[in-house]
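Chain letters run A, B, ... following the sequence lines, proteins first and then strands; every chain starts at 1.
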There are 2 protein chains.
Amino acid sequence: MTALKYSKQRESIKHYLMTTNEHPTADMVYMHVKKDFPNISLGTVYRNLNLLTDIGEAVKIATPDGGDRFDGKVEPHNHFLCTVCGRLLDLDLDMKSIEEVNRLAAENFDGIIRSSSTLFYGECSDCIKKS
Amino acid sequence: MTALKYSKQRESIKHYLMTTNEHPTADMVYMHVKKDFPNISLGTVYRNLNLLTDIGEAVKIATPDGGDRFDGKVEPHNHFLCTVCGRLLDLDLDMKSIEEVNRLAAENFDGIIRSSSTLFYGECSDCIKKS
DNA sequence: ATAATAACAGTAACGATTACTGTGATTAAA
DNA sequence: TTTAATCACAGTAATCGTTACTGTTATTAT
């Protein structure tokens, strides 16, 4: 209900999220945005990341190894976590497949499924080359 | 490499994980096991949960809302997080569907996919009834 | 311009998790 | 079945990611 007020800092955070595919942690966002706003506060980064997530302009990705990652790509898609190097990569399934999974899941389930997020595990191409 | 030594505490933690479907947090495990071992340490719970996870006798589930959950059911299956009440429930897809998803994902992906974990979001049946 | 207030920087507090330390339990070997 | 080695423990301190607080600054509506 409270009006949303513009800020350069939020603009910068959002721009970074939308132009990177690094799936940065809050701290990575902080370090990056610091280049343009040397005295930005980490709290500001967290507040804006959560704000952007709440209004649907960013996505929060939980991983079993430490802090959350953020993504400026809000269209439904999935992620791959390399168990060797720890990198988080985009993994696009076409919408049909995603919807199909949700439909299959709904068959044996006694509630309403609104969305889903799949995290795939394995070895990324870079780590395969090195081994 | 270092030998694994038996302990009643680990036994109890593992037993609880295997017989509940609550997907407890570390703290919930702590409070439960405390009934049998009143002076067990929370550190012991964490150490053993991680140990069990490492040796494949438990699974750690990351959720975007706070602490990790643990599951003694290690066969591949997925989970549903109710966005209303916050409960985490099992959601079984048959193996065929899971494998199919992994196969579909592998088609557009340049690495090896070993496993996947899908978190579904929506409203559980209890919360639907109440609304 | 002015007033109202959202957003900020800086910092303190918090909750979840891990690391450390000295003690006790389990295991393998004598 | 003692002994010796060491893993696991309880208890506590430290760390890490995140959120909350406070006084100041920037944005917006009047």
Discussion item. Return a single string for nucleotides 22-28 of chain C, one symbol per nucleotide in 5' to 3' order, where B is base contact, S is sugar-phosphate-only contact and - is none, cutoff 4.0 angstrom on heavy atoms.
Written reply: ----BS-
Worksheet item: Are side-chain N/O atoms of N50(A) and T53(A) paired as donor and acceptor at under 3.5 Å?
Response: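 Their side chains do not contain a donor-acceptor pair, so the 3.5 Å distance test is not met.
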Discussion item. Take a 6.0 Å sphere around NZ of K34(B) and say whether it holds more than 12 heavy atoms from other residues, nucleotides or ligands.
Written reply: yes
Practice prompt. Go through T44(B) and R47(B) one step at a time and tell me if the side chain to side chain donor-acceptor pair (under 3.5 Å) criterion holds.
Written response: CA-CA 5 Å; T44(B) 297; R47(B) 183 160 26 76; 3.3 Å; yes
Taking [atom1] from [X] and [atom2] from [N], how many angstroms apart are they, rounded to a whole number?
X	N	atom1	atom2	value
F37(A)	dA9(C)	CZ	C1'	13 Å
I13(A)	dA7(C)	CD1	C1'	11 Å
D68(A)	dT17(C)	CG	P	12 Å
K60(B)	dA16(C)	NZ	C1'	11 Å

Item to complete: Please examine the side chains of L17(A) and F70(A), heavy atoms only from C-beta on, and report whether any two atoms are closer than 4.5 Å.
Response: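 They are in contact (side-chain heavy atoms under 4.5 Å apart), so the answer is yes.
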Is there a donor-acceptor pair under 3.5 Å between the side chain of [X] and the backbone N or O of [Y]?
X	Y	result
S97(A)	L93(A)	no
T83(B)	G122(B)	yes
S131(B)	I128(B)	yes

Item to complete: Under 4.0 Å from any heavy atom of chain A: name the first and the last nucleotide of DNA chain D that qualifies, 5' to 3'.
Response: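 The contact span of chain A on DNA chain D goes from dG17(D) to dT28(D).
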Worksheet entry | Separation between CG of D110(A) and CZ of F80(B), rounded to the nearest 0.5 Å |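 Taking CG in D110(A) and CZ in F80(B), the distance rounds to 10.0 Å.
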Discussion item. Using a 4.0 Å heavy-atom cut-off, does D27(A) contact any base of the nucleic acid, only the sugar-phosphate backbone, or nothing at all?
Written reply: nothing
Item to complete: Using a 4.0 Å heavy-atom cut-off across all strands, classify L42(B) as base, sugar-phosphate, or nothing.
Response: base
Worksheet item: Which residues satisfy the ring pair (Phe, Tyr, Trp, His ring centres under 6.0 Å) test with H79(B), sequence neighbours excluded?
Response: H23(B), H77(B)
Fill in: Closest-nucleotide 5' rank along DNA chain C - winner of F70(B) and R47(A)
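Going by which nucleotide is closer to the 5' end, it is R47(A).
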Worksheet item: Reckon N48(A) has a side-chain N or O less than 4.0 Å from the OP1 or OP2 of dA7(C)?
Response: no
